[in-house]
Amino acid sequence: MTETLKGNALLQNGTLSKGTAYTAEERKALGLTGLLPPMPASIGMQEEAMMEVYHSFSTPLQKSIFLDALRAANETLFFRMLMDNVDELLPVVYTPTVGDFCKQYSHLLRFPRGMFLSIEDKGHLAEILNNAPQKEVDMIVVTDGERILGLGDLGINGHGIPVGKLVFYTVCAGVDPAKCLGITLDVGTNRERYLKDPLYLGHRHERVRGKEYDEFIEEFFQAVKAKWPNCAIQFEDFANQNAFRLLDRYRNRYACFSDDIQGTAGAVVAGFFSACRAKGTKVSDERIMFLGAGESGTGSSRLLVEAMKEEGLTEEEARSKIWLFDINGPISTRRSDIADYMKPFAKDVDPSLTFEAYVDLVKPTAIVGLSTCGGAFTESIVRKMAAMNDRPIIFALSNPNSHSECSAEQAYEWTDGWALFCSGSPFEPVTYNRKTFVPRQGNNYFIFPGIGLGAILSGCTGIPPEVLLLASHTVADCVTDADLAQGSLFPPSSFMRKISHDIAVNVIRNAQKTGRCARTDIPADLDQYVTDYMYSPEYR
Ligand SMILES: O=C([O-])CC(=O)C(=O)O
Ligand SMILES: [Mg+2]
């Protein structure tokens, strides 16, 4: 049907339109003559013009609103611009600006993308999926909006996150945007502000929990599987109480994974591989404290254990090198309020210690913030880390920047330039004592696009820890000595497509080896198989 679009209908179709780039011959054949200014533009000219407009906006949020509109008008140009200006544009389309966009989503929404499935539609999901904007879907990112970044419950306003994550699938892993679907499950919100906001566009009731919620999720999976049997599903920004349960329930039945439990873990471990290389140590030499014991803190701890086992430690030895601390104190065997997923890491310690007192007691070599608690790594704590360690490892990973446990500048200043630092959201380079540090993001975007790509192309159920570890190695192996010398623990964004490609090959190879491939049509040359699948934004 789409091939036959002509004239104004074609021009107004953002997925297909080339805007001013149609040649005279194309204009004649497609009924476009007279609908455009006479001189055809190249995509390069269009890009130059749009970057000029982009730069005329002063705030990141304004810029992101502009890009959202550009995408609606000409999706190919949007992705071409992103690919040509990754470092500049991705922070505007994704973390941290996507956080601001989400907070006001109901007020800002002009160009709906993806789908909203609400619990009120229970019993009808299969039918509703027939309305999907895409015919074929390979990748779904789904959220219920309960823990968006470090911002908490945003209800349907969190929809910017699945949409933003999928931009990475296209830019970094070459998944055709026409095959990507962002879905928000509206089960209500407990955020007072939205319940009272007359412009809020989600259902205005408290979150549905328990049996009804579980049945809704089950119906969602079954409906998706029936409609798109080969599609992979990424869980994003569910709250702890559901994230672990859902992953455990579905990982062996569907091609699915949790970005926050598994993707973030892959990135954290990659950061440790780099930091240890800079220090001349192994991960198993470190004493690691986590502030935050939720999905990302626990997920990362689990994968660090695997990394230490790979270096020869036993499970128990590895666990003994990791300490967790959450909002209520140390994860202690003396506490009665800790969740099952934290228990393997519980230590026999006084549960009333503050984080700083715990640092005094444990004397860690690394502190990792996944707490959503901005500023939690205080000057006093960071200075203690510097006093105890030649090269203190300080990862401030909560998002967006306002929730970072400390800023890049603080980390370098308080450690006299010795910190091995990364953050979840981007910080500008910092010059301290005449040395310029380039702290790159330790964000799960290094991991999830490749994992998802591999899941699409293999149909594998679940992503085992050994595959995540390979992904961490893939990322860390792209970090050069020159990167380390300037304080970068992660590679530059120019490596993203290669990283995603290589991660995907490993996902597929492992799935074949362990008999978890649902797809039977996989050719022998996996490199070529993945490369051939990867889309680049070009006018068709
Ligand atoms: O979106 C990001 O930048 C990282 C992430 O998954 C989160 O903070 O939940
Ligand atoms: Mg997330």
Side-chain angles (χ1 to χ4, degrees), residues 60 64 86-87 89-103 105 140-154 157-169 171-172 182-185 233-240 242-244 246-247 256-271 290-300 303 368-374 376 395-405 422-427 439-452 468 471 475 490 493 496:
S64 80
V86 175
D87 292 318
L89 300 194
L90 276 183
V92 168
V93 173
Y94 178 67
T95 320
T97 313
V98 68
D100 291 331
F101 198 96
C102 283
K103 282 193 269 183
Y105 182 86
I140 286 177
V141 177
V142 62
T143 187
D144 73 356
E146 189 166 7
R147 195 237 71 198
I148 294 297
L149 305 172
L151 302 170
D153 184 353
L154 299 194
N157 285 349
H159 192 63
I161 286 292
V163 170
K165 293 273 171 181
L166 285 164
V167 169
F168 273 80
Y169 271 101
V171 173
C172 302
I183 298 183
T184 290
L185 303 173
I233 300 175
Q234 171 170 326
F235 290 110
E236 191 68 49
D237 292 2
F238 286 73
N240 294 328
N242 290 319
F244 287 99
L246 296 182
L247 180 62
C256 67
F257 67 99
S258 160
D259 183 32
D260 302 289
I261 299 174
Q262 299 168 289
T264 303
V268 168
V269 171
F290 279 86
L291 181 62
E295 294 154 70
S296 319
T298 320
S300 301
L303 195 60
V368 182
L370 284 160
S371 65
T372 78
C373 185
F395 291 178
L397 299 176
S398 290
N399 297 312
N401 301 68
S402 54
H403 292 249
S404 295
E405 284 75 8
C422 68
S423 55
S425 295
F427 282 102
R440 297 211 180 103
Q441 269 172 281
N443 192 287
N444 50 29
Y445 69 59
F446 283 103
I447 305 289
F448 72 77
I451 296 284
L468 282 178
V475 173
F490 286 84
S493 55
M496 286 304 316

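Numbering of ligands and ligand atoms starts at 1, following listing order.
- Formation of a donor-acceptor pair under 3.5 Å by the Thr97 side chain with backbone atoms of Pro91 is found in this model.
- For residues 256-266, the pairs satisfying salt bridge (Lys or Arg N to Asp or Glu O under 4.0 Å) are Arg147-Asp260, Lys165-Asp259, with sequence neighbours left out.
- Side chain of Ser398 to backbone of Thr372: a donor-acceptor contact under 3.5 angstrom is found.
- Among protein residues, Tyr94, Thr95, Arg147, Leu149, Lys165, Glu236, Asp237, Asp259, Asp260, Asn399, Asn443, Asn444 come within 4.0 Å of ligand 1, judged on heavy atoms.
- Counting only protein N, O or S atoms, the number found under 2.8 Å from the Mg ion (ligand 2) is 3.
- Separation of atoms CG (Leu149) and CG (Asp100) is listed at 10.0 Å; rounding is to 0.5 Å.
- Partners of Ser425 under the side chain to side chain donor-acceptor pair (under 3.5 Å) rule, at least two apart in sequence or in another chain, are Asn399.
- Residues Asp237 and Thr143 have side chains that never bring a donor and an acceptor to within less than 3.5 angstrom of each other.
- Two rings, from Phe448 and Tyr169, have their centers less than 6.0 Å apart.
- Note that the CG atom of Leu154 and the OH atom of Tyr105 stand 12.5 Å from one another [nearest 0.5 Å].
- With a 4.5 Å cut-off on side-chain heavy atoms, Leu166 and Ile140 do not count as touching.
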